[in-house]
Amino acid sequence: MAFEDLKQRQSVMWGSGPYQRITETIADVHELVIARLDPQPAERWLDLACGTGAVSERAARAGAAVVGVDLAPVLVETARERAREQRLEIDYRVGDCERLEGVDDTSFDIVSSTCGIMFAPDHEATAQELARVVRPGGRIGLANWTPEGGLGRMFGMMAAFQPSPPPSSPFDWGREERVRELLGDAFELEIDGHVSTLETADGEEYWQLYVTSYGPTKTLAASLTEERREEFHRAWVDFFESEYRDGDRVAHAREYLLILGTKR
């Protein structure tokens with residue numbers, strides 16, 4: 001599938017469920033990114049693949065001048081409504097992190113993305129845009145799921161039910177060597193690993209959360225025949241019960257890289 005065709009589908013897929021429910025399961029990741037980037041008043045901050053605005057909101061409350069960009073119009077509208085409710089001034093835009101139209105060179109002090117830009121299919125184009133829009137001495141902060149970690153393994157389980165593999169793997173952004181290839185020429189990088197754990201009562205509760213609220217899971221399930229969807233359902237529950245059962249709960253450890261960079 002060509003990159004542009006995939007992105008058109010992604011813009012619908014990511015907005016297909018009440019994604020805020022998923023956003024709330026990675027609040028610890030958002031807090032770490034904010035803590036490490038330490039937003040200051042009047043800093044120009046660009047939040048890419050901003051989703052419903054979790055990082056954008058935190059940066060704006062600290063006084064940063066925030067622009068949030070996401071490919072999915074539904075998520076951008078949700079983010080705008082949340083900003084209005086919280087009386088936050090955030091400039092949310094529908095846009096493509098591979099081609100940031102209307103964003104000038106070296107125009108931001110900080111660029112963030114939390115489990116977001118990794119899903120853009122053209123990794124080189126995304127990396128080039130990161131390098132273009134950050135000023136010299138400016139910083140980036142990215143959180144990306146690792147291929148061997150809990151999210152990578154979950155997507156591996158889901159792959160058996162997909163008609164064809166994507167043209168690129170988002171989890172390459174969770175490989176340190178690949179990140180250095182993509183960003184090392186433009187940024188001084190600091191990369192370390194972290195874990196975000198999502199706890200549910202059981203595999204069925206996990207299924208209900210994701211099949212209703214997480215775009216990739218919801219879209220895949222909806223594309224299957226009734227029989228095949230039930231196979232997917234059983235495989236999902238079995239995966240979490242067998243791999244992540246911890247006493248009276250399922251505890252899904254989701255490993256990710258925190259990537260901090262300073263523009264050369």
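Because the structure is predicted, anything quoted here is derived from the model rather than measured.
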Student: What do the steps show when you test E124 against R178 for salt bridge (charged side-chain N to carboxylate O under 4.0 Å, His left out), and what is the final call?
Tutor: CA-CA 11 Å; E124 287 78 8; R178 180 58 173 153; 2.4 Å; yes

Student: May I ask you to check whether F119 and W14 place their ring centers less than 6.0 Å from one another?
Tutor: yes

Student: Any side-chain heavy-atom pair from Q40 and D109 closer than 4.5 angstrom?
Tutor: no

Student: Treating R264 as the side-chain partner and G184 as the backbone partner, does any N or O pair qualify as donor plus acceptor under 3.5 Å?
Tutor: yes

Student: If Ile, Leu, Val, Met, Phe, Trp and Tyr residues are connected whenever their side-chain heavy atoms lie under 4.5 Å apart, and connections chain through other members, are V69 and Y92 in the same group?
Tutor: yes

Student: Hey, is the main chain of A64 close enough, under 3.5 Å, to the side chain of E43 for a donor-acceptor pair?
Tutor: no

Student: Are I259 and W45 linked, directly or through other ILVMFWY residues, by side chains that come within less than 4.5 angstrom of each other?
Tutor: yes

Student: Is the shortest distance from a Lys or Arg side-chain nitrogen in E129 or R132 to a carboxylate oxygen in the other one below 4.0 Å?
Tutor: yes

Student: Among L46, I117, L37, which residue meets the side-chain contact (heavy atoms from CB on, under 4.5 Å) test with V111?
Tutor: L46

Student: So, do I22 and L209 sit near enough that their side-chain heavy atoms are less than 4.5 Å apart?
Tutor: yes

Student: Contact between P39 and I34 at the side-chain level, heavy atoms closer than 4.5 Å - yes or no?
Tutor: yes

Student: Under 4.0 Å between a Lys/Arg side-chain N and an Asp/Glu carboxylate O for E148 and R175?
Tutor: yes

Student: Under a 4.0 Å threshold between the charged nitrogen and the carboxylate oxygen, would D38 count as salt-bridged to R139?
Tutor: no

Student: Any side-chain heavy-atom pair from P216 and M13 closer than 4.5 angstrom?
Tutor: yes

Student: Should the ring pair F155 and Y214 be called parallel, tilted or perpendicular, given that the plane angle runs from 0 to 90° and is split at 30 and 60?
Tutor: perpendicular

Student: Check this for me, if you would: do R229 and E226 make a salt bridge, where the nitrogen-to-carboxylate-oxygen distance has to be below 4.0 angstrom?
Tutor: no

Student: Any side-chain heavy-atom pair from Y19 and D70 closer than 4.5 angstrom?
Tutor: no

Student: Treating S11 as the side-chain partner and Q8 as the backbone partner, does any N or O pair qualify as donor plus acceptor under 3.5 Å?
Tutor: yes

Student: Give a yes or no on whether the backbone of S56 and the side-chain of D47 come within a donor-acceptor separation of less than 3.5 Å.
Tutor: yes

Student: Are any side-chain N or O atoms of T25 and backbone N or O atoms of R21, one a donor and one an acceptor, separated by less than 3.5 Å?
Tutor: no

Student: Looking only at atom types and distance, does a side-chain atom of D246 sit under 3.5 Å from a main-chain N or O of R249, one as donor and one as acceptor?
Tutor: no

Student: So, does K263 use its side chain to make a donor-acceptor pair with the main chain of A131 at under 3.5 Å?
Tutor: yes

Student: Hydrophobic clustering (ILVMFWY, side-chain heavy atoms < 4.5 Å, transitive) - are Y256 and I140 grouped together?
Tutor: yes

Student: Are the aromatic rings of F239 and Y244 close, with centres under 6.0 Å apart?
Tutor: yes

Student: Donor-acceptor check, side chain of S113 to backbone of L48, threshold 3.5 angstrom: yes or no?
Tutor: yes

Student: Answer yes when E101 and R99 have at least one side-chain N-carboxylate O distance shorter than 4.0 Å, and no when they do not.
Tutor: yes

Student: Do D104 side-chain atoms and S107 backbone N/O form a donor-acceptor pair below 3.5 Å?
Tutor: no

Student: Any carboxylate oxygen within less than 4.0 angstrom of a Lys/Arg side-chain nitrogen, looking at R180 and E177?
Tutor: no

Student: Could you tell me if the side chain of R44 sits less than 4.5 Å from the side chain of V67, heavy atoms only?
Tutor: no

Student: Between D28 and H30, is there a side-chain donor-acceptor contact under 3.5 Å, judged purely by atom types and distance?
Tutor: no

Student: Just by distance, with hydrogens left out, do H233 and E204 show a side-chain donor and acceptor under 3.5 Å apart?
Tutor: yes

Student: Are F232 and W207 an aromatic pair by the rule of ring centers under 6.0 Å?
Tutor: yes

Student: Without hydrogens or angle criteria, can the side chains of T146 and E255 be said to hold a donor-acceptor pair below 3.5 Å?
Tutor: no

Student: Would you call R58 and L88 a side-chain contact if the rule is heavy atoms closer than 4.5 Å?
Tutor: no

Student: Do the charged groups of E190 and R36 touch, with an N to O distance under 4.0 Å?
Tutor: yes

Student: Kindly say whether P121 contributes a backbone atom to a donor-acceptor pair with the side chain of S168 at under 3.5 angstrom?
Tutor: yes

